[in-house]
Amino acid sequence: MDPEEPTPELWLVRHGETEWSRDGLHTSTTDIPLTERGIEVARGLHERFLDEKFDLVLTSPRQRARRTAELAGFPDAEVDRDLVEWDYGKYEGVSTSEIRETVPGWTVWSHPCPDGETADDVTRRLDRVIAKIRLRGGRALVFGHGHALRALTARWLTQPVDEGRFFRLDTATISTLGYERESPVLLRWNS
């Protein structure tokens with residue numbers, strides 16, 4: 001990275017609360033809306049972005065992410081299919097505790113999702129998002145989902161996606177990734 005060039009900065013926003021996120025159910029392909037509380041909290045993000053400018057604003061195509069972007073003041077966010085949530089396959093709509101009844105110790109970070117995505121699948125698509133952001137430069141804002149944004153953070157930091165397990169991410173929070181000199185770093189998390 002050229003020290004004279006501005007380094008990219010990536011802001012992450014997890015979508016607002018849905019019934020399934022509230023209840024701890026894995027939600028990837030099911031396109032469910034925000035709860036009333038999710039709408040209220042996402043609307044509160046707008047004020048936090050009033051003084052911020054972005055060169056690129058992206059969102060997952062799922063309505064929970066697009067609606068969060070809209071309520072936060074970004075109704076024209078560019079839809080990027082690579083920002084969808086980790087595909088849980090047969091675990092869609094199922095809680096971790098239910099999965100662990102048949103697969104002890106299961107996590108998305110350590111075990112497969114039958115008929116869903118592999119860690120390699122997730123890595124490939126999130127690396128495309130990072131390449132787009134780094135190519136564009138400047139400041140980017142992304143609206144997405146819990147596991148995918150945690151995995152995106154790991155990839156930004158040049159780590160395997162399973163390192164995302166260390167980054168708990170609550171709904172409707174803002175996190176920021178950037179650089180310290182030439183090293184990608186985490187600047188702010190879950191605020």
Asp115 side, atom CG; Asp87 side, atom CG - distance, nearest 0.5 Å: 9.0 Å
Side chain to side chain donor-acceptor pair (under 3.5 Å) involving Asp31 - partner list, sequence neighbours excluded: none
Qualifying residues under side chain to side chain contact (heavy atoms under 4.5 Å, CB included), relative to Ala72, sequence neighbours excluded: Leu45, Phe49, Phe74, Phe143
Test item: Leu157 and Glu163 side chains (from C-beta on) under 4.5 Å apart, heavy atoms: no
Approximate separation, where rounding is to 0.5 Å, of Ile39 CD1 and Leu34 CG: 5.5 Å
Verdict with reasoning, Lys132 to Asp82, per salt bridge (charged side-chain N to carboxylate O under 4.0 Å, His left out): CA-CA 11 Å; Lys132 178 190 284 190; Asp82 284 333; over 6 Å; no
Contact check, side chains of His15 and Arg62, non-hydrogen atoms, under 4.5 Å: no
Side chains of Pro112 and Tyr91 in contact at under 4.5 Å (non-hydrogen atoms): no
Heavy-atom neighbours of Arg128 CZ exceed 12 at 6.0 Å: yes
Crowding at CD, Glu52 (>12 non-hydrogen neighbours, <6.0 Å): yes
Val94: side chain to side chain contact (heavy atoms under 4.5 Å, CB included) partners, not counting sequence neighbours: Glu98, Ile99
Shortest non-hydrogen separation from Pro61 to Arg81 and the atoms involved: CG-NH1, 3.4 Å
Residues Glu17 and Thr171: side-chain donor-acceptor under 3.5 angstrom: no
hydrophobic_cluster_shared for Ile133 and Val84, side chain cutoff 4.5 Å: no
Rounded distance (nearest 0.5 Å) linking atom CG of Leu56 with atom CZ of Arg139: 12.5 Å
Backbone of Asp127 reached by a side-chain donor or acceptor of Arg155 within 3.5 Å: no
Hydrophobic cluster membership, Val142 vs Val79, 4.5 Å side-chain cutoff: no
Ala154 to Pro160 - nearest heavy-atom pair and separation: CB-O, 3.4 Å
Distance (rounded to the nearest 0.5 Å) between Trp20 CH2 and Ser28 OG: 8.5 Å
Cation over ring face, Arg188 and Trp11, 6.0 Å, 45°: yes
Hydrophobic cluster membership, Leu177 vs Leu58, 4.5 Å side-chain cutoff: yes
Flag for Asp121-Thr118: side-chain donor and acceptor within less than 3.5 Å: yes
Closest contact, heavy atoms only, Ser60 versus His145: OG-NE2, 2.7 Å
Criterion side chain to side chain contact (heavy atoms under 4.5 Å, CB included) on Arg125 and Val129, from CA distance to verdict: CA-CA 7 Å; Arg125 67 181 171 79; Val129 173; over 6 Å; no
Cluster check Leu186, Leu126: I/L/V/M/F/W/Y, side chain < 4.5 angstrom: yes
Euclidean distance, Ser95 OG relative to Asp23 CG, rounded to 0.5 Å: 9.5 Å
Sidechain-backbone polar pair: Arg136 side chain, Asp55 backbone, donor-acceptor under 3.5 Å: yes
Side-chain heavy atoms of Trp109 within contact of Trp86, under 4.5 Å: yes
Same apolar cluster: Ile32 and Leu25, side chain cutoff 4.5 Å: yes
Side-chain heavy atoms of His46 within contact of Leu71, under 4.5 Å: no
Residue list, side chain to side chain donor-acceptor pair (under 3.5 Å) with Tyr88, at least two apart or on another chain: Glu85, His147
Residue Arg22 excluded, over 12 heavy atoms near CZ under 6.0 Å: yes
Criterion salt bridge (charged side-chain N to carboxylate O under 4.0 Å, His left out) on Glu40 and Arg37, from CA distance to verdict: CA-CA 5 Å; Glu40 178 184 327; Arg37 182 175 185 282; over 6 Å; no
Verdict with supporting geometry, Arg14 and Ser21, side chain to side chain contact (heavy atoms under 4.5 Å, CB included): CA-CA 11 Å; Arg14 182 177 175 198; Ser21 67; 3.9 Å; yes
Partners passing side chain to side chain donor-acceptor pair (under 3.5 Å) against Asp162 (at least two apart in sequence or in another chain): none
Side-chain heavy-atom pair Thr59, Val57 within 4.5 angstrom cut-off: no
Distance in Å, Leu141 CG paired with Glu78 CD, rounded so as to fall on 0.5 Å steps: 12.0 Å
Criterion side chain to side chain contact (heavy atoms under 4.5 Å, CB included) on Trp156 and Arg134, from CA distance to verdict: CA-CA 10 Å; Trp156 181 271; Arg134 288 183 172 149; 3.6 Å; yes
From CA spacing to verdict: side chain to side chain contact (heavy atoms under 4.5 Å, CB included), Thr107, Arg165: CA-CA 9 Å; Thr107 74; Arg165 71 187 183 277; over 6 Å; no
Sequence-distant partners of Ser175, side chain to side chain contact (heavy atoms under 4.5 Å, CB included), two or more places apart: Leu12, Leu169, Trp189
Check: Thr27/Thr30 side-chain N/O donor and acceptor closer than 3.5 Å: no
